[in-house]
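Notes follow once the structure below has been shown.
Being a predicted model, the structure only gives us computed values, none of them experimental.
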Amino acid sequence: MELYQSNEVKLYNSLNGQKEVFTPITPGRIGMYVCGPTVYSNVHLGNCRTFISFDMIFRYLKHLGYKVRYVRNITDAGHLTDDADQGEDKISKKARLEKLEPMEVVQQYTLDFHNVMRQFNALPPSIEPTATGHIVEQIEIIKNIIDKGHAYERNGSVYFDVVKFNTDHRYGKLSGRNLEDMIANTRDLNAQDEKENAQDFALWKKANPDHIMRWPSPWGDGFPGWHLECTVMSSKYLGDTFDIHGGGMDLKFPHHECEIAQGEAAHGCSPVNYWLHANMLTLNGKKMSKSTGNSILPKELFTGDNDFMEKGFSPSVVRFFMMQAHYRSVLDFSNDAILAAEKGYNRINEAITLLDKLPVSQTSSFSINEWKEKCYAAMNDDFNTPILVAELFEGASLIQKINSGSESINQEDLTVLQQTFRDFFYDVLGLKSSQESLIGDETEHLDKAMQLLIDLRAQARANRDFATSDKIRDQLLEAGIQLKDGPDGTTYTL
RNA sequence: GGUGCCAUGGCCGAGUGGCUAGGCUUGGGUCUGCAAAACCUACUACAGCGGUUCGAAUCCGCUUGGCACCUCCA
């Protein structure tokens, strides 16, 4: 019996704005697609929040025993810098500026992305397809959409006919827009526009002679439009209709709206059952954005080399900070907020170090299963990680009380406590304990060296040579190591 | 202008028509040579104005403020 059979997950579906009971198309199996990064520059922290949010969702669904195929693409072509019409492929623009091959740029930033995701302890997706690896499929689906009468060719480019599509489908159902309003609100600035309507979007763009990234197609040399890759890759790997599609809130319109239109036009069915949108991470109250400069790189945050924070923070602390907010809420990043999160994170880590050393009693003075159920209930309710974190703090408090003897626990319950605490902290939230950043070998060496210092200090204290003992303590603190005198001797944390 | 979302105690951040999330900070205490850490303990908030209700911070309306999308952006 898998956990999912006894845990009913409710998730907020952007398609109708309601929390719905999640039922996969195939029992026990889930297909999930998340829009990945455009690899033309380093991912910033805001990008990371979305991927960390969906990593948490992926982890919880797996924890429940579902077999999840998680597809997250790499956009290495096709996003335009300007208007669809005088647009230039983002990747090739960057390439020209830096005098690099386009695929060199792609490689560099893909590696950076993977590296950052690894630091945040995000699991790799099951499949990570690239747009450039699916040009053939994109050309095929464009032919299909043209055949169905939902697209037209103009001067070597192909456009999706939104107005025609809207006559027997509903364009705008995800973002709550209707086409009439959109048309009414459009001022027609581009008289030379190839498109029949301003709302039409490109499926294929003709490449100018100097455009580096280009592929042959039935309409001439060009490159695929912005929204097509996701439709192609999601349907290829997950089917024409699949369970969950995720992405950042800012992709809801037009990107996801266009995906729905493309899917419905090409396959005749709605592509996705549950649309999930992760909210933005703001910095100083404003959305992070590469173009405005209001952004912070993960590396700058980890090292403390940035203008916003007074010191560096470990990836796990940053992840914990994000988990303290709901994925659908805007989260503002600030020095005070992350500092507070770091202290809370340390508190939970203190409890974890006690987990294997707790005294066992004949009976328990509380109901551990009640606590465990609350943890699951939090996650089952649209992945409410802030509530889960609150429960982990309750658990941490419980651990301290058992340790100090004001609560007691029997062996059976202790096993539940250990298992549940670890399941949620490590597996579901994807956090690491503060000591874990060190590799085993290093820890051992450090332990030995530290023990020597601790012994020396203890001796100095015994001789009431406090000048020496305080010197050891204070200088270690400057080096980032904190000594903690307890009843059973002195321990240290980094 | 259009479409959504949000306003919670010093700070961050959940949530619910009635039973005081949680973390951080701060005050008091235990421990300590002194600290730090840890632990115990205290601190009853929901933008404003109306309305519905026995009862609303939670539902409805208005006002004010903020954010996101409508153009590439997670």
Side-chain angles (χ1 to χ4, degrees), chain A residues 14 17 34-38 40-41 43-54 75 79-84 87-88 90 93 172 175-178 181-182 184-187 199 226 246-255 257 277-282 285-292 295 320-321 324-326 328-348 350-351 354 374 378 381 384-394 396-397 400-401 403-404 406 461 464-466 469-470 473-474 477 482-487 490-493:
Chain A
S14 303
V34 172
C35 292
T38 303
Y40 69 99
S41 66
V43 283
H44 66 239
L45 199 64
N47 303 126
C48 295
R49 184 189 182 199
T50 296
F51 303 127
I52 290 171
S53 292
F54 285 102
T75 296
H79 275 218
L80 306 171
T81 43
D82 297 317
D83 245 353
E88 180 176 26
K90 248 182 192 167
K93 179 177 184 188
S175 51
R177 289 154 213 253
N178 73 69
D181 288 350
M182 288 167 63
N185 280 313
T186 306
R187 284 173 301 165
Q199 281 66 38
W226 337 340
M249 202 75 111
D250 49 353
L251 296 183
K252 208 167 170 184
F253 187 88
H255 184 61
E257 205 69 75
H277 288 96
N279 218 139
M280 300 293 101
L281 183 70
T282 59
K286 296 264 200 245
K287 181 183 162 182
M288 276 196 205
S289 165
K290 282 164 191 163
S291 51
T292 61
S295 73
F320 180 76
F321 168 76
Q324 275 191 298
H326 189 93
R328 275 192 295 114
S329 297
V330 174
L331 176 63
D332 191 47
F333 204 85
S334 67
N335 189 58
D336 287 352
I338 186 78
L339 226 37
E342 185 177 48
K343 293 199 174 163
Y345 168 79
N346 288 153
R347 211 159 99 74
I348 288 182
E350 290 289 337
L354 293 173
K374 282 187 192 164
D381 183 16
N384 199 323
T385 55
I387 296 284
L388 174 63
V389 170
E391 293 302 338
L392 290 184
F393 276 114
E394 295 297 330
S397 171
Q400 293 289 168
K401 283 176 178 163
N403 188 239
S404 64
S406 60
R461 291 176 74 200
R464 302 190 69 76
D465 177 8
F466 297 123
S469 66
D470 286 356
R473 182 181 67 198
D474 296 343
L477 191 62
Q482 184 173 59
L483 293 183
K484 295 188 293 186
D485 297 330
T490 302
T491 55
Y492 71 94
T493 50

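Phosphate proximity of B/rG2 to A/R177: absent, as no side-chain N or O sits under 4.0 Å from OP1 or OP2. Residue A/S404 places none of its side-chain N or O atoms closer than 4.0 Å to OP1 or OP2 of B/rA38. Applying the 4.0 Å criterion to OP1 and OP2 of B/rG22, one finds that A/R347 has every side-chain N and O outside that range. At least one side-chain nitrogen or oxygen of A/K343 sits closer than 4.0 Å to the OP1 or OP2 atom of B/rU25.
Across all strands, A/F466 comes closer than 4.0 Å to base atoms (heavy-atom distances). Using a 4.0 Å heavy-atom criterion, one finds that A/A278 contacts no nucleic acid atom at all. Among the atoms of the strands shown, base atoms are found under 4.0 Å from some heavy atom of A/L281. Residue contacts for A/E342: at a heavy-atom cut-off of 4.0 Å it reaches no nucleic acid atom on any strand shown. No contact: A/H277 has no heavy atom under 4.0 Å from any strand. Across all strands, A/G36 comes closer than 4.0 Å only to sugar-phosphate atoms, never to a base (heavy-atom distances). Within 4.0 Å (heavy atoms only), A/I338 reaches no atom of the nucleic acid at all. At a threshold of 4.0 angstrom between heavy atoms, the contacts of A/G172 with the nucleic acid are absent.
Closest to the side chain of A/Q324, out of B/rA74, B/rG22, B/rC69, is B/rG22. Relative to the side chain of A/N384, the nucleotides B/rC67, B/rG15, B/rG33 differ in distance, and B/rG15 lies closest. The side chain of A/H326 sits closest to B/rA14 out of B/rG22, B/rC73, B/rA14. Here the nucleotide nearest the side chain of A/E350, chosen from B/rC69, B/rC12, B/rA37, is B/rA37. Nearest nucleotide to the A/L331 side chain, out of B/rA21, B/rG13, B/rA74: B/rG13. If you check B/rA74, B/rC39, B/rG33 against the side chain of A/D250, the one that comes closest is B/rA74. Listed nucleotides: B/rG33, B/rA14, B/rG22. Nearest to the side chain of A/S469: B/rG33. Taking the side chain of A/R461 as heavy atoms from C-beta on, and the options B/rA74, B/rC39, B/rC34, the nearest nucleotide is B/rC34. Residue A/K287 places its side chain closer to B/rC69 than to any other of B/rG13, B/rU32, B/rC69. Among B/rC34, B/rG23, B/rA74, the nucleotide with an atom closest to any side-chain atom of A/F51 is B/rA74.
Residue whose closest nucleotide on RNA chain B sits further toward the 5' end, between A/R473 and A/S397: A/R473. Nearest-nucleotide positions on RNA chain B for A/K401 and A/G176 put A/G176 closer to the 5' end.
Looking only at distances, a side-chain donor or acceptor of A/R49 sits under 3.5 Å from a matching main-chain atom of A/N279. With hydrogens and angles disregarded, no donor-acceptor distance shorter than 3.5 Å links the side chain of A/E391 to the backbone of A/A378. Looking at A/N384, its side chain does come within 3.5 Å of a backbone N or O of A/I387 through a donor-acceptor pair.
Atom OG of A/S397 is separated from atom CD1 of A/I348 by 11.0 Å, given to the nearest 0.5 angstrom. The CD1 atom of A/I338 sits 12.0 Å away from atom CG of A/D332, with the distance rounded to the nearest 0.5 Å. The CD atom of A/E257 lies 7.5 Å from the CZ atom of A/R177; values are rounded to the nearest 0.5 Å.
The P atoms of B/rU53 and B/rC46 are separated by 24 Å, rounded to the nearest whole Å. Taking atom P on both B/rC11 and B/rG48, the two are 15 Å apart, rounded to the nearest angstrom. Taking atom C1' in both B/rG18 and B/rG55, one finds a spacing of 6 Å when rounded to whole Å. Rounded to the nearest Å, the gap between the C1' atom of B/rA47 and that of B/rC34 is 47 Å. Using C1' as the reference atom, B/rC70 and B/rC12 are 31 Å apart when rounded to the nearest Å. Comparing the P positions of B/rU16 and B/rC67 gives an interatomic distance of 26 Å, to the nearest angstrom. Here, B/rA56 and B/rG13 have their P atoms 28 Å apart, quoted to the whole Å. Going from the C1' atom of B/rG4 to that of B/rG10 covers 32 Å, rounded to whole Å.
The ring of A/F393 does not lie on top of the base of B/rG23; it is either too far (5.5 Å or more) or too tilted (30° or more).
Residues A/L339 and A/K343 have side chains not in contact (no heavy-atom distance under 4.5 Å, counting atoms from C-beta outward). Counting heavy atoms from C-beta on, the side chains of A/P37 and A/N47 never come closer than 4.5 Å.
With rounding to whole Å, A/L388 atom CG is found 15 Å from B/rG15 atom C1'. Nucleotide B/rC39 holds its P atom 11 Å from the CG atom of A/N346, rounded to whole Å.
Contact of A/D470 with B/rG33 (side chain to base): a donor-acceptor pair of N or O atoms is detected under 3.5 Å.
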